[in-house]
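Down below is the structure, laid out as C-alpha cells.
Remember, it's 1-based here, ligands and their atoms both numbered in the order they're listed. Residue numbers start at 1 and run along the sequence shown.
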Amino acid sequence: MSYKRVLLKISGEQLAGQYEGGIDAELGAWLADEVKKVAGDGIDIVIMVGGGNFARGAQLAGHGIKRVTADQIGMLGTMMNALALNDIFEDRGLQSRCLSNIFAQQVAEPFVHRLAEKHLAKKRVVIVAGGIGRPYLTTDTAAVSLALELSCDVVLKATKVDGVFNVDPATNQDAIKYDEISADDAVSDPAVRVMDKAALGLALEHKLPIIVFDALKPGNILLAATGKTAGTIIRP
Ligand code: UDP
C-alpha cells in the first residue's frame with residue numbers, strides 16, 4: 001500500500017555524510033535523486049531536517065549559554081541544512097521550497113499552513129527549517145507535529161541503523177530487529193531510543209505510524225514511502 005503523503009525526517013548527522021560536521025553536498029545530491037523517485041510515484045513529500053551537524057541545544061547549553069539560546073542556535077542549524085538541501089534539490093531538477101518556522105524572511109518563505117499546502121498541491125517538495133520554532137523540542141517531535149498538521153500518512157524516520165532493535169546493534173552483534181512494534185511498546189520500552197519519547201507519544205496519541213529505516217541505502221526511501229518492507233514500522 002503506497003502512502004499519498006509522507007514526512008521524511010533526516011538528521012543533521014546524516015546530512016554531514018562523510019564529514020564530522022557541516023553538509024556533505026554530494027550526499028545531498030544522492031538524496032535528491034532518491035527523493036525524486038518518490039515524487040515520480042506521485043507521492044507528496046514533506047521534509048523535516050535536523051541540525052545536529054551544527055548544534056544541539058541540550059549539549060550546547062551551559063557556561064553562560066542559556067538553554068533557550070542554545071536551542072535557538074540549534075534551530076538556526078536546521079535552517080542551514082534546509083537551505084542547502086533546497087538548492088541541491090532544485091539543482092537536481094526536483095521542485096522544492098524551503099519554509100521556515102523561525103522568522104527569517106530574507107532567506108526563506110515563512111511556514112504558513114496554507115502556503116505549505118499550496119506548494120504540495122503543485123507537487124513541490126516542502127522542506128521545513130527551524131523545527132517547530134520553539135525551544136525545548138527536537139526535530140523528531142517537530143516532525144510528528146508537522147506530519148499531523150499537513151495530514152501526512154506516515155513519518156519516515158531515517159536512522160543510521162535499519163530499524164528498531166531489542167538492544168543497541170552498534171554494540172551487540174546478536175541484536176534482533178523488529179519488523180513491527182506497537183507504539184505503546186515503543187513509548188514504554190526504555191531500550192527503544194531511535195526517537196524521543198515526546199515524538200513517539202504524540203504519534204501514538206494521534207494514531208500516526210512511523211517507519212524507522214536506513215534512508216542512506218539505495219531505494220529504501222521509495223520502499224518505505226510505498227509501504228513495502230524497509231526497517232521497522234511503529235504501529236499506533
Ligand atoms: N530545536 C528546537 N526546537 C525545535 C527543533 C529543534 O529547539 O522545534 C533545536 C534543539 O536544540 C535541537 C536542535 O535544534 O537539539 C537541532 O535539532 P535536532 O537535535 O533534533 O537535530 P538532529 O539530531 O535530528 O540532527
Side-chain angles (χ1 to χ4, degrees), residues 6-25 27-28 31 35 46-86 88 98-104 107-108 110-113 116 126-150 152 155-161 163-164 168 170 192-203 208 210-216 221 231 234:
V6 299
L7 186 137
L8 175 63
K9 159 71 209 294
I10 306 172
S11 73
E13 193 183 351
Q14 278 150 359
L15 289 175
Q18 59 183 313
Y19 306 113
E20 290 279 303
I23 300 157
D24 183 343
L27 179 91
L31 261 178
V35 171
V46 182
I47 298 186
M48 171 64 67
V49 283
N53 50 334
F54 290 110
R56 285 200 185 93
Q59 287 163 12
L60 186 64
H63 301 287
I65 304 178
K66 296 187 190 85
R67 176 63 193 264
V68 171
T69 311
D71 281 336
Q72 288 167 339
I73 293 168
M75 286 187 263
L76 289 171
T78 72
M79 170 67 95
M80 289 191 263
N81 286 330
L83 288 173
L85 212 55
N86 190 46
I88 295 170
C98 173
L99 302 186
S100 174
N101 262 324
I102 44 180
F103 300 117
V107 291
F111 180 89
V112 173
H113 177 81
V126 168
I127 303 172
V128 174
I132 217 70
R134 312 307 318 167
Y136 289 96
L137 291 168
T138 67
T139 50
D140 277 358
T141 314
V144 174
S145 160
L146 184 66
L148 293 168
E149 177 173 353
L150 292 175
C152 296
V155 171
L156 308 179
K157 155 81 180 169
T159 49
K160 262 193 293 191
V161 290
V164 180
D168 186 356
V192 177
R193 281 186 304 228
V194 284
M195 220 172 179
D196 38 270
K197 300 292 181 191
L200 288 170
L202 188 61
L208 181 67
I210 298 170
I211 295 176
V212 177
F213 75 118
D214 179 3
L216 302 185
I221 303 179
I234 303 178

Worksheet entry | Closest heavy-atom pair and its distance - Ala82, Ala129 | CB-CB, 3.6 Å

Worksheet item: Taking atom CG of Leu60 and atom CG of Asp71, what is their separation to the nearest 0.5 Å?
Response: 9.0 Å

Worksheet item: Can you name the nearest heavy-atom pair linking Leu7 to Ala147, along with the distance?
Response: CD1-N, 3.6 Å

Response to the item:
Within 4.0 Å of some non-hydrogen atom of Pro135, the atoms of ligand 1 are 7 (O)

Discussion item. Can you confirm whether more than 12 heavy atoms, excluding those of Gln18, are under 6.0 Å from its CD atom?
Written reply: yes

Discussion item. Check this for me: does any side-chain nitrogen of one of Lys160 and Asp214 sit under 4.0 Å from a carboxylate oxygen of the other?
Written reply: no

Discussion item. Quick check on Gly77 - does any of its heavy atoms sit under 4.0 Å from an atom of ligand 1?
Written reply: no

Discussion item. So if I count the atoms of ligand 1 from 1 in the order they appear, which ones are less than 4.0 Å from some heavy atom of Gly133?
Written reply: 8 (O)

Worksheet item: Looking only at heavy atoms, what is the nearest atom pair of Ala116 and Phe111, with distance?
Response: CB-CE1, 3.7 Å

Item to complete: Please indicate whether Arg67 has more than 12 foreign heavy atoms, meaning atoms of other residues, nucleotides or ligands, lying under 6.0 Å from its CZ.
Response: yes

Practice prompt. Tell me which protein heavy atom sits closest to atom 24 (O) of ligand 1, plus the residue, atom name and distance to 0.1 Å.
Written response: Lys9 NZ, 2.8 Å

Discussion item. What protein heavy atom lies closest to atom 21 (O) of ligand 1? Include the residue and the distance to one decimal.
Written reply: Gly51 N, 3.0 Å

Worksheet item: Cut-off 3.5 Å, side chains only: do Thr141 and Asp196 have a donor facing an acceptor?
Response: yes

Worksheet entry | Shortest non-hydrogen contact between Met48 and Val128, atoms and distance | CE-CG1, 4.0 Å

Discussion item. Can you report which non-hydrogen protein atom sits closest to atom 8 (O) of ligand 1, along with the distance?
Written reply: Ile132 N, 2.8 Å

Worksheet item: Which residue holds the protein heavy atom closest to atom 23 (O) of ligand 1, what is that atom called, and what is the gap in Å?
Response: Arg56 NE, 3.1 Å

Practice prompt. Looking only at protein heavy atoms, identify the closest one to atom 3 (N) of ligand 1 and say how far it is in Å.
Written response: Arg134 O, 2.7 Å

Practice prompt. Could you establish whether Gln72 and ligand 1 come within less than 4.0 Å of each other, counting only heavy atoms on the residue side?
Written response: no

Worksheet item: Judging by distance only, is a nitrogen or oxygen of Asn53 under 3.5 angstrom from one on ligand 1?
Response: no

Worksheet item: Short list, please: which atoms of ligand 1 are under 4.0 Å from a heavy atom of Gly50?
Response: 21 (O), 22 (P), 24 (O), 25 (O)

Worksheet item: If you count the atoms of ligand 1 from 1 in the order shown, which ones are under 4.0 Å from a heavy atom of Gly12?
Response: 22 (P), 25 (O)

Item to complete: Check each atom of ligand 1 against the heavy atoms of Gly52 and keep those under 4.0 Å away; list them by number with element.
Response: 21 (O), 22 (P), 25 (O)

Worksheet item: Which heavy atom of the protein is the closest neighbour of atom 9 (C) of ligand 1, given with residue, atom name and distance?
Response: Asp71 O, 3.5 Å

Worksheet item: If every non-hydrogen atom of Asp140 is compared with every non-hydrogen atom of Val194, which pair is closest and at what distance?
Response: OD2-O, 4.1 Å

Worksheet item: What closest approach, in Å, do Asn81 and Gly51 show between heavy atoms, and which atom pair accounts for it?
Response: ND2-CA, 3.7 Å

Worksheet, complete the sentence: heavy-atom search around atom 2 (C) of ligand 1 in the protein gives Leu137 O, 3.1 Å

Worksheet item: Looking only at protein heavy atoms, which one is nearest to atom 14 (O) of ligand 1, and how far off is it?
Response: Gly74 C, 3.2 Å

Discussion item. My understanding is that we take every heavy atom of each candidate and find the minimum distance to atom 16 (C) of ligand 1. Doing that for Gly57, Ala142, Ala55, which one comes out nearest?
Written reply: Ala55

Worksheet item: For ligand 1, which atoms sit closer than 4.0 Å to a heavy atom of Ser11?
Response: 24 (O), 25 (O)

